[in-house]
Student: 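Can you read through this structure? Questions will come right after.
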Amino acid sequence: MPSEFDPIYGSDLRTLITKHNPDAWLFGHTHRQREAVEGDTIVRNVSLGYPSEVEAGQEAELLMRGMIDV
């Protein structure tokens, strides 16, 4: 749910992404797995999340989110 504090935790960089149209835009430090597409660009959070949210043995799979085929 959007809140008035959203700009504190993230930036709306859609204009920049659309202007330069990279294959991928990877980001982190939000502690939540998120993925979207902006134009032709894959926008993906590569954070693991909080330790209590990562099952033992799942770490490698989550880290591989930063490895993408473009």
Student: For N21, give me all partners under side chain to side chain contact (heavy atoms under 4.5 Å, CB included), at least two apart in sequence or on another chain.
Tutor: D40, T41
Student: Does a side-chain heavy-atom distance below 4.5 Å link F27 with L13?
Tutor: no
Student: Testing the basics here: between P22 and I17, what is the closest heavy-atom pair and its distance to 0.1 Å?
Tutor: CD-O, 3.4 Å
Student: So how far is it from E38 CD to L16 CG, rounded to the nearest 0.5 Å?
Tutor: 11.0 Å
